[in-house]
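Structure record follows, encoded as structure tokens.
The structure displayed is predicted, hence computed values, not measured ones.
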Amino acid sequence: MSSPASTPSRRRGKRGRASNPSTPQDARSPPSQKRRTDDSTSTGELQPMPTSPPADLQSPVAPDALFSSPPQFRNSAIPLDFDISSPLTYGTPSSRVEGTPRSGVRGTPVRQRPDLGSARKARQVDLHSDGVAEDVATEQFGQKLVIWGTDVNVASCKEKFQRFLQRFIDPLAKEDEDIGLDLNEPRYMQRLEEINMVGEPFLNVNCDHLRSFDENLYRQLICYPQEVIPTFDMAANEIFFDRYPDSILEHQIQVRPYNALKTRNMRSLNPEDIDQLITISGMVIRSSQLIPEMQEAFFKCQVCSFSTRVEIDRGRIAEPSVCKSCNTTHSMALIHNRSLFSDKQLIKLQESPEDMPAGQTPHTVALFAHNDLVDKVQPGDRINVTGIYRAVPIRVNPRVSTVKSIYKTHIDVIHYRKTDSKRLHGVDEETERKMFTEERVEMLKELSKKQDIYERLSSALASSIYEHEDIKKGILLQLFGGSKKDFSQTGRGNFRAEINILLCGDPGTSKSQLLQYVYNLVPRGQYTSGRGSSAVGLTAYVMKDPETRQLVLQTGALVLSDNGICCIDEFDKMNESTRSVLHEVMEQQTLSIAKAGIICQLNARTSILAAANPIESQWNPKKTTIENIQLPHTLLSRFDLIFLMLDPRDEAYDRRLARHLVSLYYQTEEQMEEEYMDMAVLRDYIAYARSYVNPRLGEEASQALIEAYVDMRKVGSGRGMVSAYPRQLESLIRLAEAHAKVRFSGKVETMDVEEAKRLHREALKQSATDPRTGIVDISILTTGMSATARKRKEELAQALRKLIQTKGKAPTLKYQQLFDDIRAQSDTAITKEMFEEALRALADDDFLTVTGKTVRLL
Amino acid sequence: MPCVADWLNNPFSIVQGIFAQSDPNSDWEKKVTEYFKEKLKENNATNWVPSLNDVPVHYLKPNSLVKFRCMVQDMFDPEFYMGVYETVDPNTNARVLHFGKYRDVAECGPQQEIDLNSSQTVTSERQTFYCVPVPGESAWVKEISFLDCANALASQARVSPSTSYTPSRHKRSYEEDEDMDLHPSKQKEQHMGNRCYGGDIHGCVEPKRLETEASAGHHLVSPNCSPPLDLNFPLPGEKGPACLVKVYESWDSFKVNDVLEVFGILSVDPVLSIVNNEERDSSALDPMECMDTAEEQRVHSPPASLVPRIHVILAQKLQHINPLLPVCLNEEESKTFVSNFMSELSPVRAELLGFLTHALLGDSLAAEYLILHLISTVYARRDVLPLGKFTVNLSGCPRNSIFTEHIYHIIQQLVPASYRLQMTIENMNQSRFIPHKDYAANRLVSGVLQLASNTSLVVDETQLEQGQLDTTGVHNVTALGNLITWQKVDYDFNYHQMEFPCNINVLITSEGRSLLPSDCQVHLQPQLIPPNMEEYMSSLLTAVLPSVLNKFRIYLSLLRLLDYSISDEVTKAVEEDFVEMRKNDPESVTADDLHRTLLVARFLSLSAGQTTLSRERWLRAKQLEALRKARLQQHKCLNGNEL
């Protein structure tokens, strides 16, 4: 790099910045004067009065005192030597123009903004041909000066923006955003203070704020970013150095607007957006290596060592053929390490999958990132990009005038915003909020006021699957989820807000179909089959990137469905080690990984919707749930709801089912369409509720919950067993909260608790009924064995002990003999397993040992 | 040149004429489309337009009007082009307006320069589709549509043909057509030739066809050339031109895998190929050009001789690609065609049933189910559930015999598009079923399962041996299973997957029950075992008159497009029936059985040309199902139902 002192000052004038119309002391500014003469060589004397489109013609121009020139002229042939020597330009424009009392020597250099200027030529194009005529036309009107080709008046624009910075207080700001900001103070002044402290010279400005403050300024920013943003820079710097004159920054503050309200998806970009400020979202699919782009070439004469600098114009360097000082031809040589380069990176952005219409392939767009925005994003990141949309014609051949009739388009990036940053830090909901239009929200709210909204939604859910109302309701509540609670201060960490559901039942009862439906409904759903997935596929694995040879952590289904739902089919077919991974996920909602030198804990705040088939292919009603699906009870107890999907054998049901199915086969397309609409509404409804509604327990509801829990405990205590655990209470709370969310209610009421209780009971009735006694027994799920079964086991052990004791002193007994004896003695059938269990129980009591076929007393 | 043919041979002159007459800002574009729409409406005019499907590119006149029947394989990014631009002569300062629509290169005379800064310049947007010929298109579709075209041209002898190529080719192909019908063995040979799945394209070029060879000649790798461009056909061994189709209107309505017929201006400007090389050379100079990787450029702007461009004037989605049927069935004349055909439906059905019964070695039940399968189509989707798919698993096929192969050849003769997937371990492990996105080249690399709607996919499981599937193999089998169950394929976009619904008729031939899911398993019961299978099968095809064969083809394509309904009374009856069945045997009658019986009833009614379900058909459907199930019981196979 050449000395920083000289270059920035020269740059000053590059964009409209130096063409400060309010400059009262033109004489003090030799560079601008010099430039003016230079400019006139190219455009003639009319040049100082460039102006705007006809819209502004009424505003007259004051011909003499001020001028505002089209930005592009400033690029041509700037007298470098002169600039460098000028001490006056050696500072911020603000300091010079406003006469800020600060030492001229210790200024902050201006950093060029390639993000604004790299497509100068496209701009130049439009204005050049009709420019001359208009200049003349506007001369007579005078007074209000605007940048050529726009309706931007630099002075008023700057003033407005300064007012915005100084006064803007976000009325909508919420406490959870922007920690550390005083909401009643002007927001951006605090930001400037932050810049002063942190030393990062970038000011991010939310265009939404700007719009609410000054609609017109916002419009100008969107339409003429190339001119307006430098003006903003100027304004921000003036304020900043006014306030903090001694602040030392790497370079001057650059304003980075983001969240332009015309946020569009990539598909809707069209020729009208060229050269406008746009914000689009998408996913990075490829990023190039860093490209050093020459900004300015340094030439040195081989003969007399005279040096000169040449600015890059449209990607080319005009090599001076003659040395100005000694007049030798072809003596100038390029000195690479004294030339100036800036960083540049090409990034390919692809439409995010949610924005894509079905059946089409995603579009891509090229982004150019400059300077410190280089390497800010990685392939795979989802980002919102704010930048200027450019189109450049392609020349078939640089030496031939034929032009391919298409343009190449790209976006010069001004601001990135990662949309999935919430996976790394807290909750950033702003991006998701943008999803709904006001009418949509109105519509959803209207919908939520309906009395039967809960039933409505549950029937809209997977309407092709018949009945199973309670299961659908359960899944609906799962889709909404409970409220997030944070107890990390008291040491318990986050409470799980996600609801887990297990469906088990006969094959062919459309379990998979339900899973498929849910997977298709939620934006961040994953679908895996227990049979095909390994622990690695579910969690994360370390992979060597073929290009960079770096180790990369690739995430699996559970991590990918963070904040979504992970549907696992054939849960029972999953092998032991894979299932063990789920223990952590289902309660702690995290995934710990320690492999290949990477130790980390990933968030996996996912709800799990699993489906399992009974081990004997048909559900055996004589067995308990655990026996039927052979899953460890430690895992089962982590499911909030376990539903049985059985084939009911009942005539009325059959009849309704038949009618339902037949209707599928002759419904017209329109009726189908209606159904489809429902799915979209349902999706929005859920998304809205998930991001906006966060119900808290009301006083009454809390009481109701306590009662419900106590009741559940009481049921069991009568028979001397525990029938409910705190886990069940937590489930109840989650379900009640989810039900309140369905109503868009901020408070959990008794009715929510009632429904939660009902659903919970329903699920228990199905899955935790002891087939031998017919009693609902929660211990089937929590300990894997019903209380009666445990009792029976103990009784058998006692009976066996008695039997052995009656046998007298014999130290050893034959195993088979003993088995036959106890069977003969007992009036109920005793299986070999039961017998062995009883033996084991006695062995645990140190009463006997079993070795092979003999039983030895101790 | 006669004036009538101007719009065919030199469409630019027409466009220029319209453009010059009207104000550049006005609706000249609309006028152009309307003009061509009118022209193409004239009797048989669509047949005069040479088709890129039949005629090799180098026989077509550049900048003439062509048509192309194709499937959208990939969609590129929309591009901005100069809709209207101005050229200026530096000497005389004369300014001329030009239109950039339908062009790749902005045209300007030797003494002119394009004024990039002109205020008259209009920037417009267009979309590029990468199109390939319909994958698995049967030979008869190609032949017949080509014949139509050639006949039309012959009858319009006054019109000078736009290619010098047509007449000779016409004669030859006609011979060939006859040839095929007369000697099926020869045809078989040809199919054998096509069956090189290894991806060796040269092997598929038939030496006896000079023209074809020439057209396929660009596949040949010359030593000093960069590796040949992969034209990205979904099926291995396909040939025919891939094409970059530039769409100017309502491109949002087209989807990947749609079958289109486009009419447009052919652009094979050699400059486009030069552009290619030049750009690569000069990329070091111009920072704007290094935007794309070399690979991406190769794919997105391949040489025009290899991948011609078509600038679309008119495009329409095709409901079917059967050339024997009118293109659009809603028009007045096609309605008479349909009603005429419907009147003689039952003899056709009987004949077809007889034909298929012979083909299936005398098993009439299997033949009945095969008909139902061939006319099935996904007519709607309910949530995620596709309705109307009817995957048949034909079990009991003799192992290692050429039987399955012949079955495929017969199906190939009947349906417009088909593909035979041999389920060998090797094939499953090595081929790519699922299309995936190649981000380096920024394109969708095709896979076997990227097929157009209503393609018949015959999966031959009898080829499967014991062995180990690797990761690709497992993915492929899963994808195939998903395709059958949900009628969708999840395309692999590396960072995420995207679901593309499809509508593919899958027929699985297997020895026992297939490992893939299916809607209905039919166990084959051969009534006769011919001593020489080969001879038997070939004589079968010879025995059918071409005209009868054509009727079969119309039958199968037409019935698929009919509407269908069930009256309230029949609904009641079905309900009663179901309840009754459940009462008698709750174990074996499930909702799935009802689903299937309803499907069978639907297709049974349609196959007889009835658009509503009658009581008799319902009973017949039940009867068929009962027969089929009895047979399965007999073979002690497990019930074929699986969700």
key: Proximal component of B/K101, with respect to chain A [non-hydrogen, under 4.5 Å]   = neither

query = Where on B/S124 is there a heavy atom nearer than 4.5 Å to chain A: the side chain, the backbone, both, or neither?
reply = backbone

Min side-chain heavy-atom separation B/N442-A/T364 under 4.5 Å = yes

task = Check whether any side-chain heavy atom of B/M75 sits under 4.5 Å from a side-chain heavy atom of A/H363, and report yes or no.
result = no

query = What heavy-atom pair brings A/P362 and B/D77 nearest, and what distance separates the two atoms?
reply = O-OD1, 4.4 Å

inquiry  = Does B/H436 have more than 12 heavy atoms from other residues, nucleotides or ligands lying within 6.0 Å of its NE2?
reply    = yes

query = Which one of B/E79, B/E125, B/M82 satisfies the side-chain contact (heavy atoms from CB on, under 4.5 Å) criterion with A/Y407?
reply = B/M82

inquiry  = Are A/K408 and B/F80 packed together at the side-chain level, in the sense that at least one heavy-atom pair is separated by less than 4.5 angstrom?
reply    = no

key: Per-residue contact mode, B/F493 against chain A (heavy atom under 4.5 angstrom)   = side chain

request  = Answer yes or no: are there more than 12 heavy-atom neighbours, outside B/K317 itself, under 6.0 Å from its atom NZ?
outcome  = yes

ask   = What part of A/V284 is in contact with chain B, defined as an atom under 4.5 angstrom from a non-hydrogen atom: side chain, backbone, both or neither?
value = backbone

message = Working to the nearest 0.5 angstrom, can you tell me the gap between B/L444 CG and A/T361 OG1?
response = 7.0 Å

remark   = Note: vs chain A, highest number of non-hydrogen pairs under 4.5 angstrom among B/V72, B/T123, B/D577, B/D74 is B/T123

message = My understanding is that only residues two or more places apart in sequence, or in another chain, count here; which of them pass side chain to side chain contact (heavy atoms under 4.5 Å, CB included) with B/K255?
response = A/Q360, B/D258

message = Among residues at least two apart in sequence or on other chains, which ones pass ring pair (Phe, Tyr, Trp, His ring centres under 6.0 Å) with B/Y85?
response = B/H98

key: chain A contact via B/Q127 - side chain, backbone, both or neither, heavy atoms under 4.5 Å   = side chain

